[in-house]
Amino acid sequence: MAVQPIPEPAEAQPYDNFIRGRWAASVSGRTAESRNPADNRDLVGRFALSDGRDVDAAALAAADAEKTWSSQPVPARAAYLRKAASILETRQEGFARLITREMGKPLAESLDEMRDTVNFAYYVAEEGRRFFGKTIPSEKPGRFCYTLRSPLGVVGLITPWNFPVMLPAWKIFPALLAGNAAIFKPATETSVVAAWLVEVFEDAKLPAGVLNLVMGRGDEAGRALVEQPQIRAISFTGSAANGWSVAARCAELRKRVSLELGGKNPLIVLPDADLDLAVEGAAKSVLTASGQMCTAAGHLLIHRDILEEFTERLKNRVARMKVGPGSDPAVEVGPVINRQQLERITSLVKGAQDNGAKLLSGGEALEGPEYQAGNFISPVILTDISPEMPAAREEVFGPVALITPVDSLEQAIERANAGPYGLAAVVYTRDLASAMRAADRLRAGVIYINGPSSDAEPHLPFGGAGSSGNGFRQGGPTMLDEFSEWKTVSLDSGAAAEP
Ligand code: NAD
């Protein structure tokens with residue numbers, strides 16, 4: 001069936017919550033604004049601000065819907081997801097434009113995000129016919145033993161703003177395939193994109209209450225989701241500080257929680273590396289989504305033998321990258337999400353300089369009419385870094401490269417593993433033994449060798465080690481683990497008693 005593209009959102013009309021298959025204002029009636037980070041005068045839309053009462057209504061709706069949804073055959077559930085995938089595919093260009101307008105990343109990156117999301121959505125739908133358990137031989141006569149996955153019930157899905165379609169899709173599609181009903185709480189910054197995404201499931205005729213949308217702030221709607229007694233599990237993607245505090249509360253409440261958190265991701269370049277590839281890969285790893293990527297690798301550990309040449313080439317490459325609104329096709333670096341984040345990045349850079357770091361390029365306020373109303377910062381390269389600097393320890397989440405020389409692969413691995421995080425790591429080398437040694441020894445959930453950390457494949461497992469996560473993986477063959485319970489069945493057929 002041909003699906004009409006969604007019209008551009010009407011600016012004045014607020015985006016509501018979606019509960020029990022209906023769009024409705026929050027109980028309090030409060031709303032907030034979402035604005036374009038490239039031009040703060042552009043109001044993308046108003047959206048509902050929710051509290052515990054909205055979460056309670058959504059939990060009730062989800063608990064009702066879950067009873068029938070969980071008892072449908074898995075391929076039947078998958079059929080709704082396939083329909084949603086095909087609607088997403090039809091609307092991907094409109095979505096990409098909206099992502100760029102509401103989140104700020106260049107249009108080409110938004111299109112990549114949509115392509116990956118559509119592929120992922122089809123992949124999950126296909127898994128509906130591969131919802132396998134195991135048969136396991138029993139040690140007792142006449143017994144038949146097998147395992148099957150059962151759903152958890154009602155699950156809460158909490159997501160950040162940097163990949164506003166892909167990250168919710170990583171949760172919604174597997175959660176529903178597994179037979180759960182879900183409540184989705186997006187980041188406030190990308191609420192309009194979230195409403196469009198939920199509309200896709202409405203248009204796919206998903207039964208009412210199976211997917212609910214509750215918009216609002218983390219310390220209000222998000223907190224209420226964690227506290228709500230009918231919600232059995234929380235799937236959280238966001239900052240480490242918030243994620244671990246949500247996990248601590250979930251432990252008290254005996255809820256399952258899965259965490260996909262931030263990182264401080266290293267990028268190692270060894271002297272035998274293809275330098276063209278490494279420079280290009282570093283530019284992408286540092287600057288995709290203006291560095292607002294959980295796998296952004298701004299912690300550059302460069303072998304001393306090639307330090308000067310690599311640094312010079314990276315500086316030249318970055319100087320050629322156009323900064324500006326993501327809607328301009330020539331732009332490679334868009335704005336950062338908001339003023340607060342802009343100030344945080346600037347102060348981390350200044351703090352590093354005050355403590356002896358050398359600013360090689362960037363960091364200056366950008367002059368020109370196209371920059372006046374946006375949150376722009378030119379990409380920063382810093383050298384002479386010491387490990388104690390907050391910029392060297394904390395996730396910067398901005399367009400900042402910190403270059404540190406290393407004398408060997410061993411030293412690079414030691415530096416890379418020194419912090420608490422363990423999300424992604426990148427290595428550039430032509431030497432197979434070094435590549436394999438690095439892959440073996442680096443503490444990271446995702447390792448890229450000779451490619452940038454901005455790459456993602458929908459069917460590869462994704463998640464972090466150390467304080468970047470708690471062991472679950474999104475995407476790939478283990479994606480259903482966070483949303484289902486393994487059940488072991490031991491069935492005595494009575495056959496052993498027969499003569
Ligand atoms: P954030 O932690 O501020 O917010 C993430 C989500 O959690 C939002 O929806 C927010 O409203 C909600 N939230 C905040 N406090 C909460 C609380 N106490 N209870 C319940 N919900 C709460 O993160 P952000 O600024 O939106 O996103 C950036 C962070 O996300 C970065 O640290 C980045 O590395 C991380 N991230 C991780 C991954 C991954 O897969 N590992 C992917 C993308 C982003």
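This structure is a prediction, so every number in the text was calculated from the model and none was measured. Atoms within a ligand are numbered from 1 in the order they appear, just like the ligands themselves.
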Nearest to [atom], what protein heavy atom do you find, and at what distance?
| atom | value |
| --- | --- |
| atom 25 (O) of ligand 1 | Trp161 NE1, 3.1 Å |
| atom 11 (O) of ligand 1 | Lys185 NZ, 2.6 Å |
| atom 12 (C) of ligand 1 | Ile158 CG2, 3.5 Å |
| atom 27 (O) of ligand 1 | Pro160 CB, 3.1 Å |
| atom 20 (C) of ligand 1 | Gly222 C, 3.2 Å |
| atom 41 (N) of ligand 1 | Leu261 O, 2.8 Å |
| atom 23 (O) of ligand 1 | Ser239 N, 3.4 Å |
| atom 8 (C) of ligand 1 | Thr159 O, 3.3 Å |

Which of these, [options], has its nearest heavy atom closest to [atom]?
| atom | options | value |
| --- | --- | --- |
| atom 18 (N) of ligand 1 | Arg223, Gln292, Arg473, Arg249 | Arg223 |
| atom 16 (C) of ligand 1 | Ala289, Gly218, Ala296 | Gly218 |
| atom 31 (C) of ligand 1 | Met215, Glu189, Glu260, Glu395 | Glu395 |
| atom 5 (C) of ligand 1 | Val226, Asn242, Thr237 | Thr237 |
| atom 28 (C) of ligand 1 | Phe397, Phe462, Phe236, Phe163 | Phe397 |
| atom 44 (C) of ligand 1 | Asp219, Asn162, Asn265 | Asn162 |
| atom 30 (O) of ligand 1 | Gly238, Ala240, Gly475, Gly464 | Gly238 |

Scan side-chain atoms only and decide if Thr100 and Ser110 contain a donor-acceptor pair under the 3.5 Å cut-off.
yes
Given side chains that start at C-beta, do those of [X] and [Y] come closer than 4.5 Å, heavy atoms only?
| X | Y | answer |
| --- | --- | --- |
| Pro325 | Phe376 | yes |
| Phe397 | Ile345 | no |
| Leu359 | Val380 | yes |
| Arg415 | Pro266 | no |
| Leu213 | Tyr15 | no |
| Arg217 | Arg223 | no |
| Glu482 | Gln474 | yes |

List every atom of ligand 1 that sits less than 4.0 Å from any heavy atom of Pro186, numbering the atoms from 1 in the order shown and giving each element.
9 (O)
Chi angles and distances behind the ring pair (Phe, Tyr, Trp, His ring centres under 6.0 Å) call for Phe184, Phe201
CA-CA 12 Å; Phe184 165 36; Phe201 289 88; 9.2 Å; no
So which bit of [X] gets within less than 4.0 Å of ligand 1, heavy atoms only: side chain, backbone, both or neither?
| X | answer |
| --- | --- |
| Ser245 | neither |
| Leu167 | side chain |
| Thr188 | neither |

Parallel, tilted or perpendicular: which describes the rings of Phe120 and Trp170, with under 30° parallel and over 60° perpendicular?
perpendicular
Taking atom CD of Glu252 as the centre, report whether more than 12 heavy atoms of other residues, nucleotides or ligands fall under 6.0 Å from it.
yes
State which residue, out of Arg317, Lys284, Lys105, fulfils the salt bridge (Lys or Arg N to Asp or Glu O under 4.0 Å) condition with Glu332.
Arg317
